[in-house]
Amino acid sequence: MPVTNFSIPEKYEYLVGFDSYHQSEAHPCALPLAQNSPQKPPLGLYAEKLSGTAFTAPRHENKQTWLYRILPSCAHPPFEPVTAHNEAVETQHEKKHYIPNQLRWDPFDHDEHAEHDFVDGLKLVAGAGDPTLKQGIGIYVYACGRDMKEKEAYYSADGDLLLVPQEGGLDVRTEFGRMLVRPMEIAVLPRGVKYRVEIVGDGKKARGYALELYQGHFQLPELGPIGSNGLANARDFQAPKADFEEDYGATAQEGKNEWKIKVKFNNGLYETVQRHSPFDVVAWHGNYYPFKYDLGRFNTIGTISYDHPDPSIFTVLTAPSEKVGTAVADFVIFPPRWLVGEDTFRPPWYHRNTMSEFMGLIQGGYDAKKGGKGGFVPGGASLHNVMSGHGPDRDSYEGAREAELKPQKVGEGSCAFMFESCLMVGVTDWGLRRCRKVQGGYNKHSWEGVEVHWKGRNSQ
């Protein structure tokens, strides 16, 4: 059955459909009829527009949502820079090392002492570009051992955040409603959307990966000759239903409670305190909203004759650049699948790529890399930058070269993923040194022992 059997049961109901125009109300008659901003919106609410694109973006690209809330988002004192020591912020401003070497990381540490919430647990591993120009990406890992404080919320003005949980579920409360995001699910939190994260599951700790997209938005890849269905189907994406709380004063400046709002702005962290909840949206309608997706629903497509196809056939989401067919970021997965190619080397082939490839492992193993100590294991990662050669390690190659070519299902219980980008990415000092997870013998253990099978110039 093409649905993940999650160990953490679902808690919420959702709207369904990718890039759909949705509407949702948590109180009857909260949405105005036919218009967006009446003189007096229903129930004494404020109408507020959230734009994810320029007003004049083409209709098929235009992203916007109307929110109907108890108090407007602008009702807060000025933001001030967060001056306290914060390693998550420091990784944003570190010098990036642009190097051609293949890199692989052992599993990144958990937050064993519950020192970090989700926001403080985000560490920038690599990236390229500049959020002030709305160009580029940031690649993160996160590890957190405690919930965000009860009256605290966060948003990024720099880009959309793609979440890939690896251990532990995340209960994400957004302005639009609530989502439960578990390992083998992904979620996208759009630029500007406020949210708060709690940890769900045994052990009260969470770890995973994330990609921040500074330019554009994620969309489904074109299917071309595949046809009208396949890969990630639009009907399997889920968006939150409106859910609000009443926590406010008689005016925007009054009230018994204080909410701390943090914002990532040009890779810096700012905060303010307001006297009303940011989660006061009673109703909304539009096509700019958070969403999630169960990776178990991916309709994997591959060869039924010969040769391993390009990994682009496994693309879940893509963020196009200005050049047609070239992505600022692709999110690609390698799920369980059948291999049936005749006279074919079935794992991914050796490769040099004009794109950069950052891989992570959510669970299980990966058929082109061996696991175990010093291998490619869940919670770890690898980076093969622009034109850096990579491919199966020696043992994986020799095993596949000699394997009996009968129909075989690989990856049962596993799922690797890749953030692929047209950009040459630099690695932060934390990612290269201070995390202390880079495998020093990656090249040696993977490829230095590759055998020569060449039979000589006179062979036939």
(Q) Walk me through whether V188 and L213 qualify under side chain to side chain contact (heavy atoms under 4.5 Å, CB included). (A) CA-CA 10 Å; V188 172; L213 178 67; over 6 Å; no
**Q.** L133 CG: over 12 foreign heavy atoms closer than 6.0 Å
**A.** yes
Q.
salt bridge (Lys or Arg N to Asp or Glu O under 4.0 Å), that's the test. Do E10 and K292 meet it? Break it down for me.
A. CA-CA 12 Å; E10 182 58 78; K292 73 168 189 170; 2.7 Å; yes
Q. To the nearest 0.5 Å, how far apart are CG in L45 and CG in L67?
A. 11.0 Å
Q.
If I compare all heavy atoms of H276 with all of Q274, which pair ends up nearest, and what's the gap?
A. O-NE2, 2.8 Å
Q: Keeping the roles fixed (side chain from S321, backbone from T326), state whether a donor-acceptor pair exists under 3.5 Å.
A: yes
Q. Between L103, I99, V425, which is the residue that forms a side-chain contact (heavy atoms from CB on, under 4.5 Å) with N385?
A. V425
Q: Assess whether atom NE2 of H113 is packed by more than 12 heavy atoms of other residues, nucleotides or ligands within 6.0 Å.
A: no
(Q) Strictly distance-based, threshold 3.5 Å: is any side-chain N or O of S356 a donor or acceptor partner for the main-chain N or O of L423? (A) yes
Q: Starting from the C-alpha separation in whole Å, work towards a yes-or-no answer on side chain to side chain contact (heavy atoms under 4.5 Å, CB included) for E212 and K264.
A: CA-CA 11 Å; E212 189 166 33; K264 179 175 177 285; 2.7 Å; yes
Q. Salt bridge between D147 and K204, side-chain N to carboxylate O under 4.0 Å?
A. yes
Q) Should the pair W66 and Y68 be assigned to parallel (<30°), tilted (30 to 60°) or perpendicular (>60°) ring geometry? A) parallel
Q: Using the salt bridge (Lys or Arg N to Asp or Glu O under 4.0 Å) rule, pick out the option among E112, E167, E115 that qualifies with K205.
A: E112
Q.
What I'd like to find out is whether the side chain of E185 reaches to under 4.5 Å of the side chain of L170, using heavy atoms alone.
A. no
Q. Looking at side-chain heavy atoms only, is the closest gap between V377 and P107 below 4.5 Å?
A. yes
Q. If you draw a 6.0 Å radius around CD in E13, do more than 12 non-hydrogen atoms from other residues or ligands fall strictly inside?
A. no
Q. So do R146 and D120 actually touch side chain to side chain, heavy atoms under 4.5 Å?
A. yes
**Q.** Atom of P278, atom of E175 and distance for their closest heavy-atom approach
**A.** O-CG, 3.6 Å
Q: Please name the pair of heavy atoms, one in V316 and one in L220, separated by the smallest distance, quoted to 0.1 Å.
A: O-CD2, 3.8 Å
Q. What do you reckon, is OH of Y46 surrounded by more than 12 foreign heavy atoms closer than 6.0 Å?
A. no
Q.
Check whether S20 reaches the backbone of H22 with its side chain - one donor and one acceptor, N or O, closer than 3.5 Å.
A. no
Q. Would you call K63 and D19 a salt bridge, using N to O less than 4.0 angstrom?
A. yes
Q: Take E61 and T53, measure what side chain to side chain donor-acceptor pair (under 3.5 Å) needs, and give me the verdict at the end.
A: CA-CA 8 Å; E61 296 178 359; T53 56; over 6 Å; no
Q.
Tell me if a side-chain donor or acceptor on D160 pairs with a main-chain N or O of L189 at a distance below 3.5 Å.
A. no
Q.
Minimum heavy-atom separation for I137 and A329, please, with both atom names.
A. CG2-CB, 4.2 Å
Q.
For the CE atom on M424, are there more than 12 heavy atoms of other groups (residues, nucleotides or ligands in this structure) within a distance under 6.0 Å?
A. no
Q) Within a radius of less than 6.0 Å around CZ of F79, do more than 12 heavy atoms belonging to other residues, nucleotides or ligands occur? A) yes
**Q.** Partners meeting side chain to side chain donor-acceptor pair (under 3.5 Å) with E245 (sequence neighbours left out)
**A.** R173, S277
Q: Report the distance from atom OH of Y209 to atom CZ of F358, rounding to the nearest 0.5 Å.
A: 7.0 Å
Q) Is the backbone of D330 close enough, under 3.5 Å, to the side chain of E420 for a donor and an acceptor to pair up by distance? A) no
Q. For Y214, does its backbone N or O pair with a side-chain atom of R191 as donor and acceptor, under 3.5 Å?
A. yes
Q: Answer whether the closest heavy-atom distance between the side chains of Q238 and Y12 falls below 4.5 Å.
A: no
Q: Say whether, by atom type as modelled, one donor and one acceptor occur between the side chain of Y140 and the main chain of G208 under 3.5 angstrom.
A: no
Q | Any side-chain heavy-atom pair of F279 and W259 under 4.5 Å | A | yes
Q: With side chain to side chain contact (heavy atoms under 4.5 Å, CB included) as the test, would you mind laying out the steps for D429 and H97 before giving the verdict?
A: CA-CA 7 Å; D429 195 62; H97 304 269; 3.5 Å; yes
Q. Centres of the Y288 and H217 rings: under 6.0 Å?
A. yes
Q. Once you round to the nearest 0.5 Å, how far does NZ of K49 lie from CZ of F55?
A. 5.5 Å
**Q.** Pair Q166-Y142, side-chain donor/acceptor within less than 3.5 Å
**A.** no
Q) Which pair of non-hydrogen atoms, one from V181 and one from P165, has the smallest distance, and what is that distance? A) CG1-CG, 3.8 Å
**Q.** Considering all heavy atoms, the nearest T300-R337 contact
**A.** CG2-CB, 4.0 Å
(Q) Can a donor-acceptor pair be found, under 3.5 Å and without considering hydrogens, that links the side chain of T272 to the backbone of H76? (A) no
Q) Does a side chain donor of either S73 or E48 reach within less than 3.5 Å of an acceptor in the other side chain? A) yes
(Q) Is there a side chain to side chain contact (heavy atoms under 4.5 Å, CB included) between L231 and I301? Walk through the geometry before answering. (A) CA-CA 7 Å; L231 309 185; I301 293 175; 4.2 Å; yes
Q | Separation between CE of M184 and CD of Q363, rounded to the nearest 0.5 Å | A | 5.0 Å
Q | Euclidean distance, R433 CZ relative to R436 CZ, rounded to 0.5 Å | A | 12.5 Å
Q. Heavy atoms, side chains only, cut-off 4.5 Å: are R178 and E198 in contact?
A. no
**Q.** Donor-acceptor under 3.5 Å (R182 side chain, I8 main chain)
**A.** yes
Q) Say you draw a straight line from CG of L163 to CE of M179; how long is it, rounded to the nearest 0.5 Å? A) 7.5 Å
(Q) S156 vs D158, test: side chain to side chain donor-acceptor pair (under 3.5 Å). Steps then yes/no. (A) CA-CA 5 Å; S156 174; D158 290 347; 4.7 Å; no
Q.
Just checking Q35: does its CD atom have more than 12 heavy atoms from other residues, nucleotides or ligands closer to it than 6.0 angstrom?
A. yes
Q: Among residues two or more places apart or on two chains, list those pairs meeting ring pair (Phe, Tyr, Trp, His ring centres under 6.0 Å) that have a residue in residues 151-198.
A: Y154-Y195, F176-W284
(Q) Looking at S421 and V328, would you say the former's side chain and the latter's main chain have a donor-acceptor pair under 3.5 Å? (A) yes
Q.
Using a strict threshold of under 4.0 Å (side-chain N to carboxylate O), is an ion pair present between R196 and E150?
A. no
Q | Contact check, side chains of D236 and D294, non-hydrogen atoms, under 4.5 Å | A | no
Q: Taking the side chain as every heavy atom from C-beta outward, state whether F237 and Y14 have any atom pair closer than 4.5 Å.
A: no
Q.
Regarding K260 and E258, does a basic nitrogen lie under 4.0 Å from an acidic carboxylate oxygen?
A. no
